[in-house]
Amino acid sequence: MSVEDNISDGAEPLSKSERRRSRILQILMSGATVQIRDLAEQLGVSLMTVHRDLAELEKEGLVRRLRGAVSAEKSLLFESSYNFRGRKQIEEKRRLAKAAVARLEPGNAVVCDDSTTTYHICDYIEEMAPLTVITNAVPILERLRSVPDIDLIATGGRYHAGYNGYFGNACERTIRSFHVDVAILSTTTIQGLSLYTPDETVVRAKQAMMEIARRRILLADATKLQFTALNYVAQITDFDLVLLTGDVPQANLDQFRKAGVNFELV
């Protein structure tokens, strides 16, 4: 499914400018940095038009411009915004979330991180109600606040627009005041047997969630094996179950088996 499909699905037809911006996001999804002049030529529009489009996308936190170029690329210190990440690998994320929810039981207390993968538990979690759900993720809070039999607890903390969630000392203290049955988390990247993410603030929230959980479930599609990031989060062996999807390289699967990782392909 393309970015344009995701944006227009179930909505009014896109305007010309919206279609153009969708095309820009499709081009940038490869992870490449693109010269703005080349982007204008590729789209067949003026530089002024492209700059207007990029300004709108930048307001949404979907792209960043630097010295005549534009990118949505991850790097050691930068993670694509929540809105951009939420448009990628949607079907894979839904499969992972559905498999995670199937491991829950009515009456469980669950803590969920801010990831766009974990967000998709909202599509299925009502089936397991009643549940207690603790999260720092604004989209999960908004989605579940009116779902019957979901006892919803927000961590609070300092709001981070790029991640659309709450972080910091207040968030971490709140998390550590609970004990839950299951933690459902995702990760920016898996390198070898280690999990990494670009932002140390996110690291601390994830680690706090892992500390309070009796069982830990990690959700990861195959693209998580393609990137690097700066800050160490945990070992993959720290999770009781790792749910994987997509074209996971055989070498990674062999490494996980050798390390005794309890994983399933969904």
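Keep in mind that the numbers below use all heavy atoms, side chains included, and drop hydrogens, waters and symmetry copies.
Within the 3.5 Å criterion, the main-chain N or O of Lys93 finds no donor-acceptor partner in the side chain of Asp221. Gln207 contributes no side-chain N or O that, together with a main-chain N or O of Ala234, makes up a donor-acceptor pair within less than 3.5 Å. Using a distance-only test at 3.5 Å, with no hydrogens or angles considered, no donor-acceptor pair links the side chain of Asp38 to the main chain of Gln35. Side chain of Thr135 to backbone of Cys112: a donor-acceptor contact under 3.5 angstrom is found. A donor-acceptor pair under 3.5 Å links the side-chain atoms of Asp240 to the main chain of Arg216, judged by distance alone. In terms of modelled atom types and a separation under 3.5 Å, the side chain of Asn136 and the main chain of Gly165 share no donor-acceptor contact. Although no hydrogens or angles enter the test, the distance criterion places no donor-acceptor pair under 3.5 Å between the side chain of Lys98 and the main chain of Ile121.
Ala183 and Ala213 get closest at one heavy-atom pair: CB-CB, 3.5 Å. Counting all heavy atoms, side chain and backbone alike, Tyr124 lies closest to Val101 at O-CG1, 3.7 Å. Considering all non-hydrogen atoms of both residues, Val45 and Arg20 come closest at CG1-CD, 3.9 Å. Closest non-hydrogen pair, Thr155 versus Cys171, comes out as OG1-SG, 3.5 Å. Of all non-hydrogen atoms in Thr117 and Leu219, the two that sit nearest each other are CG2-CB, 3.8 Å. Of all non-hydrogen atoms in Val180 and Ala109, the two that sit nearest each other are CB-O, 3.4 Å.
In this pair, Tyr163 and His160 present their aromatic rings tilted. The plane angle is within the 30 to 60° band.
Remark: of the listed residues Glu91, Glu92, Arg95, Arg95 is the sole one forming a side-chain hydrogen bond (donor to acceptor under 3.5 Å, both in side chains) with Thr245. With respect to Asn252, the side chain to side chain contact (heavy atoms under 4.5 Å, CB included) criterion is satisfied by exactly one of Val261, Ile190, Leu225: Leu225.
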For a side chain to side chain contact (heavy atoms under 4.5 Å, CB included) check, start with the C-alpha distance between Asp114 and Phe167, then their side-chain angles and the critical distance, and finish with the verdict. CA-CA 10 Å; Asp114 65 296; Phe167 298 90; 3.6 Å; yes

Intermediate values then yes/no, side-chain hydrogen bond (donor to acceptor under 3.5 Å, both in side chains), Thr49 and Ser46: CA-CA 5 Å; Thr49 297; Ser46 69; 3.0 Å; yes

Please test Arg23 against Arg19 for side chain to side chain contact (heavy atoms under 4.5 Å, CB included), starting from the C-alpha separation and ending with a verdict. CA-CA 6 Å; Arg23 177 59 183 152; Arg19 289 197 302 271; over 6 Å; no

Could you go through Leu195 and Gln235, starting from their C-alpha distance and side-chain angles, then the distance that decides it, and tell me whether this counts as side chain to side chain contact (heavy atoms under 4.5 Å, CB included)? CA-CA 6 Å; Leu195 279 57; Gln235 291 297 100; over 6 Å; no

Decide yes or no on side-chain hydrogen bond (donor to acceptor under 3.5 Å, both in side chains) for Tyr166 and Arg158, but give the supporting numbers first. CA-CA 5 Å; Tyr166 296 101; Arg158 185 181 296 276; over 6 Å; no

Apply salt bridge (Lys or Arg N to Asp or Glu O under 4.0 Å) to Arg215 and Asp181, showing your working. CA-CA 6 Å; Arg215 289 190 296 132; Asp181 298 291; over 6 Å; no

Walk me through it: do Ile36 and Val34 pass the test side chain to side chain contact (heavy atoms under 4.5 Å, CB included)? CA-CA 6 Å; Ile36 295 174; Val34 179; over 6 Å; no

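Side-chain contact check for Gln250 and Asp254: at least one donor-acceptor pair (N or O, by modelled atom type) lies under 3.5 Å. With no hydrogens or angles considered, a side-chain donor-acceptor pair links Gln191 and Thr189 at under 3.5 Å. Looking only at atom types and distance, the side chain of Thr188 has a donor-acceptor partner in the side chain of Thr197 under 3.5 Å away. Judged by distance alone, the side chains of Tyr159 and Asn164 do bring a donor and an acceptor atom under 3.5 Å apart.
No continuous path of hydrophobic side-chain contacts links Ile184 to Ile134 [ILVMFWY only; heavy atoms under 4.5 Å]. Under the 4.5 Å side-chain heavy-atom criterion for ILVMFWY residues, a single connected hydrophobic cluster contains both Leu47 and Leu54. Linking ILVMFWY residues whenever their side-chain heavy atoms come closer than 4.5 Å, directly or via other members, leaves Leu253 and Leu96 in distinct clusters. Taking hydrophobic clusters as Ile, Leu, Val, Met, Phe, Trp and Tyr residues chained together by side-chain heavy-atom distances below 4.5 Å, Val248 shares a cluster with Phe239. Using a 4.5 Å cut-off between side-chain heavy atoms of Ile, Leu, Val, Met, Phe, Trp and Tyr, with links allowed through other members, Leu265 and Leu241 fall into different hydrophobic clusters.
The existence of a salt bridge linking Lys206 and Glu211 is excluded, since no basic side-chain nitrogen approaches an acidic carboxylate oxygen closer than 4.0 Å.
Taking the side chain as every heavy atom from C-beta outward, Leu185 and Met209 approach each other to under 4.5 Å. At a threshold of 4.5 Å between non-hydrogen side-chain atoms, the residues Gln226 and Thr223 count as touching. With contacts defined as side-chain heavy-atom distances shorter than 4.5 Å, the pair Arg52/Ser17 does not qualify.
By the 6.0 Å contact criterion, CZ on Arg65 is enclosed, its count of non-hydrogen atoms from other residues, nucleotides or ligands being greater than 12.
Atoms CD and CE, from Glu105 and Met128 in turn, are 8.0 Å apart once rounded to the nearest 0.5 Å.
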